Novice: 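Starting off with a structure, shown below.
As a basis for the values below, the full set of heavy atoms in this structure was taken, side chains included, without hydrogen atoms, waters or symmetry mates. Remember, it's a predicted structure, so these values are computed and weren't measured experimentally.
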Amino acid sequence: METVLNDMQTFTLNTPEVDLVYDVHGPARPGGDRPLLMIGQPMTAEYFATLASYLPERTVITYDPRGLGRSVRKDGRTENRPQTQAEDIHALITEFGTPVDMFASSGGAVTALALVSAHPDDITTLVAHEPPLLDVLPDADAATRAFDEVRNAYQAKGFGAGMAAFLAMAFSWEGEFTDEYFARPLPDPAQFGLPAEDDGSRDDPLLSDNSATVPAYHPDIAALIAARTRVLIAVGEESYNVLTGRTAAATASLLGQEVTVFPSNHGGFVEGQGQPEAFANRLREVLTAAG
């Protein structure tokens with residue numbers, strides 16, 4: 001199935017477990033550079049549209065992960081396992097018919113690392129931006145406890161309370177999670193412009209137990225080092241001391257490399273959240289240097 005909208009074409013890859021919807025920005029087949037696949041979790045394709053627009057020379061592919069946005073699950077499950085998401089991406093790359101370069105952010109970067117471990121021929125260069133891998137941190141147990149508190153707040157009081165706790169944990173607190181962190185009261189949702197009312201839903205893809213396997217994933221470091229894929233772990237220049245900056249630095253260290261620095265923050269490529277044009281210029285520079 002194909003839908004054409006301006007310079008973007010939308011396709012659906014039908015598999016027994018999911019109908020995966022993906023968008024191709026620019027020419028349907030690249031004339032020179034490899035296609036550039038952009039993924040996130042739980043981000044859907046629209047979050048990458050601005051970044052793609054600043055890379056008109058590339059064929060850019062974006063997609064909705066299974067069960068999110070337009071991609072309808074048929075497997076009867078709700079959990080978001082990186083290994084399962086990786087197989088979905090492998091199917092997309094196989095459908096497209098050529099290895100790709102990849103920019104993967106947040107939970108998508110976790111998926112990408114799982115993909116390189118399982119299918120090292122799929123990706124030529126991977127830029128894994130701030131993968132939230134708690135197990136690689138020196139304070140892994142405390143970080144896991146902090147993440148559990150976010151889910152507990154969500155289960156007890158709903159989206160506003162859960163998201164406020166998440167934002168405070170992931171992007172406000174700097175450094176290791178100490179007794180001082182755990183002594184703090186849960187933040188007021190209004191502090192982040194979030195609703196205090198509980199609508200009763202408990203299926204948010206970020207805050208529910210459905211995505212607990214994402215931060216709990218432990219990368220196969222030996223497989224990543226052995227892969228032919230050039231893996232670069234990236235961090236926003238504003239993120240060094242917060243959770244996802246620390247997980248990026250720890251992952252890079254395990255791979256024997258320094259982090260690759262990008263402009264802005266965890267959402268630095270998103271319109272209204274960061275600096276997408278500067279981010280695109282840096283991504284172009286990194287991919288060109290990788291060859």
Novice: I need the single residue from Asp19, Thr44, Asp23 that forms a side-chain hydrogen bond (donor to acceptor under 3.5 Å, both in side chains) with Arg70. Which is it?
Specialist: Asp23

Novice: Could you tell me whether the side chain of Ser253 and the main chain of Ala250 form a donor-acceptor pair under 3.5 Å?
Specialist: no

Novice: Filter on ring-ring contact (aromatic ring centres under 6.0 Å, His included), then keep only pairs touching residues 216-255, sequence neighbours left out; what's left?
Specialist: none

Novice: Which atom pairs, one a donor and one an acceptor, fall under 3.5 Å between side chains of residues 258-282 and the rest of the protein, sequence neighbours left out?
Specialist:
unit_1	atom_1	unit_2	atom_2	d
Asn265	OD1	Gly267	N	3.0
Asn265	OD1	Gly268	N	3.1
Asn265	ND2	Gln273	O	3.4
His266	ND1	Glu130	OE1	2.8
His266	ND1	Thr244	OG1	3.4
His266	NE2	Ser106	OG	3.1
Asn281	OD1	Arg284	NH1	2.9
Asn281	ND2	Glu277	O	3.4
Arg282	NE	Val261	O	2.8
Arg282	NH1	Glu285	OE2	2.2
Arg282	NH2	Val261	O	3.4

Novice: Do Leu254 and Leu134 sit in one hydrophobic cluster, given that two such residues count as connected whenever their side-chain heavy atoms are within less than 4.5 Å of each other, even indirectly?
Specialist: no

Novice: Nearest 0.5 Å, what's the CD1-CG distance between Ile61 and Leu37?
Specialist: 5.5 Å

Novice: Could you walk me through whether Leu113 and Leu133 pass the side-chain contact (heavy atoms from CB on, under 4.5 Å) check?
Specialist: CA-CA 11 Å; Leu113 294 173; Leu133 298 168; 3.8 Å; yes

Novice: I'd like a table of donor-acceptor pairs (distance under 3.5 Å, sequence neighbours excluded) in which one partner is a side-chain atom from residues 136-145, with atom names and distances.
Specialist:
unit_1	atom_1	unit_2	atom_2	d
Asp139	OD1	Arg246	NH1	3.0
Asp139	OD2	Phe177	N	3.0
Asp139	OD2	Arg246	NH2	3.1
Thr144	OG1	Ala140	O	2.9

Novice: If hydrophobic clusters are built by linking Ile, Leu, Val, Met, Phe, Trp and Tyr wherever their side-chain heavy atoms come under 4.5 Å apart, do Leu68 and Phe48 end up in the same one?
Specialist: no

Novice: Between the main-chain N or O of Thr15 and the side-chain N or O of Lys74, is there a donor-acceptor pair closer than 3.5 Å?
Specialist: yes

Novice: Does the side-chain contact (heavy atoms from CB on, under 4.5 Å) test come out yes or no for Thr229 and Thr124, once each step is laid out?
Specialist: CA-CA 5 Å; Thr229 304; Thr124 303; over 6 Å; no

Novice: Mind checking ring-ring contact (aromatic ring centres under 6.0 Å, His included) for Tyr54 and listing every partner two or more places apart, or none if nothing turns up?
Specialist: none

Novice: Can you tell me how far apart CG (Leu126) and CD1 (Ile233) are? Round to the nearest 0.5 Å.
Specialist: 6.5 Å

Novice: For a side-chain contact (heavy atoms from CB on, under 4.5 Å) check, start with the C-alpha distance between Val24 and Met8, then their side-chain angles and the critical distance, and finish with the verdict.
Specialist: CA-CA 6 Å; Val24 180; Met8 184 183 79; over 6 Å; no

Novice: So, Thr94 side chain and His90 main chain: donor-acceptor pair closer than 3.5 Å or not?
Specialist: yes

Novice: Of all the heavy-atom pairs spanning Thr98 and Ile93, show the shortest one and how long it is.
Specialist: O-CG2, 3.5 Å

Novice: Quick one: are Thr78 and Asp209 in side-chain contact, heavy atoms under 4.5 Å?
Specialist: no

Novice: Filter on side chain to side chain donor-acceptor pair (under 3.5 Å), then keep only pairs touching residues 189-198, sequence neighbours left out; what's left?
Specialist: Asp198-Arg202

Novice: Roughly how far, to the nearest 0.5 Å, is the CD atom of Glu149 from the CZ atom of Arg151?
Specialist: 11.0 Å

Novice: Tell me the ring-ring contact (aromatic ring centres under 6.0 Å, His included) pairs involving residues 141-168, sequence neighbours left out?
Specialist: Phe166-Phe171

Novice: Do NZ/NE/NH1/NH2 and the carboxylate oxygens of Glu79 and Arg77 come within less than 4.0 Å?
Specialist: yes

Novice: Taking all non-hydrogen atoms of both residues into account, name the closest pair between Pro35 and Phe96 and its distance.
Specialist: CG-CE2, 3.2 Å

Novice: Could you tell me whether the side chain of Val231 reaches within less than 4.5 Å of the side chain of Val116, counting heavy atoms only?
Specialist: yes

Novice: What distance do Phe103 atom CZ and Leu55 atom CG have between them, rounded to the nearest 0.5 Å?
Specialist: 10.0 Å

Novice: Would you say Leu186 ends up clustered with Trp173 if hydrophobic residues are merged whenever their side chains have heavy atoms under 4.5 Å apart, either directly or through other cluster members?
Specialist: no

Novice: Could you tell me whether the side chain of Ser105 and the main chain of Gly40 form a donor-acceptor pair under 3.5 Å?
Specialist: no

Novice: Can you tell if the side chain of Leu36 reaches within under 4.5 Å of the side chain of Leu283, non-hydrogen atoms only?
Specialist: yes

Novice: So which atom in Gly108 and which in Ile39 form the shortest heavy-atom distance, rounded to 0.1 Å?
Specialist: O-CD1, 3.3 Å

Novice: Atom OG1 of Thr10 and atom OH of Tyr22: how far apart are they, to the nearest 0.5 Å?
Specialist: 10.0 Å

Novice: In sequence, state the C-alpha distance, the side-chain angles, and the governing distance for Asp203 and Ser208, and then conclude on side chain to side chain donor-acceptor pair (under 3.5 Å).
Specialist: CA-CA 6 Å; Asp203 59 355; Ser208 70; over 6 Å; no

Novice: Indicate yes or no: at least one non-hydrogen side-chain atom of Met102 is less than 4.5 angstrom from one of Met38.
Specialist: no

Novice: Do you see a donor-acceptor pair shorter than 3.5 Å between the side chains of Gln9 and His25?
Specialist: no

Novice: Is there a side-chain contact (heavy atoms from CB on, under 4.5 Å) between Leu13 and Glu95 once you walk through the steps?
Specialist: CA-CA 8 Å; Leu13 174 62; Glu95 177 76 3; 3.6 Å; yes

Novice: Please round to the nearest 0.5 Å and tell me the distance separating atom CG of Asp88 and atom OG1 of Thr111.
Specialist: 9.0 Å

Novice: Shortest non-hydrogen contact from Pro82 to Val110?
Specialist: CG-CG1, 3.8 Å

Novice: For a quick test of reading the model, state the closest non-hydrogen atom pair linking Ser71 to Val21 and the distance between them.
Specialist: OG-N, 2.9 Å

Novice: Below 4.0 angstrom, N of the basic side chain to O of the carboxylate: do Asp75 and Arg73 qualify?
Specialist: yes

Novice: Do Asp64 and Leu20 have side chains that approach each other closer than 4.5 Å (heavy atoms only, starting at C-beta)?
Specialist: no

Novice: Is there a side-chain contact between Arg66 and Glu17 (heavy atoms, below 4.5 Å)?
Specialist: yes

Novice: Is Ser172 close to Leu167 at the side-chain level, that is, under 4.5 Å between some pair of heavy atoms?
Specialist: no

Novice: Which heavy atom in Ala164 sits nearest to a heavy atom in Pro187, and how many Å separate them?
Specialist: O-CG, 3.4 Å

Novice: Taking a hydrophobic cluster as the set of Ile, Leu, Val, Met, Phe, Trp and Tyr residues connected by side-chain heavy atoms closer than 4.5 Å, whether directly or through intermediates, do Leu115 and Ile221 fall within one such cluster?
Specialist: yes

Novice: Less than 4.5 Å apart, any side-chain heavy atom of Leu206 and any of Met163?
Specialist: yes

Novice: Taking a hydrophobic cluster as the set of Ile, Leu, Val, Met, Phe, Trp and Tyr residues connected by side-chain heavy atoms closer than 4.5 Å, whether directly or through intermediates, do Val214 and Leu243 fall within one such cluster?
Specialist: no

Novice: Tell me whether the count of non-hydrogen atoms from other residues, nucleotides or ligands lying under 6.0 Å of CZ in Arg184 goes above 12.
Specialist: yes

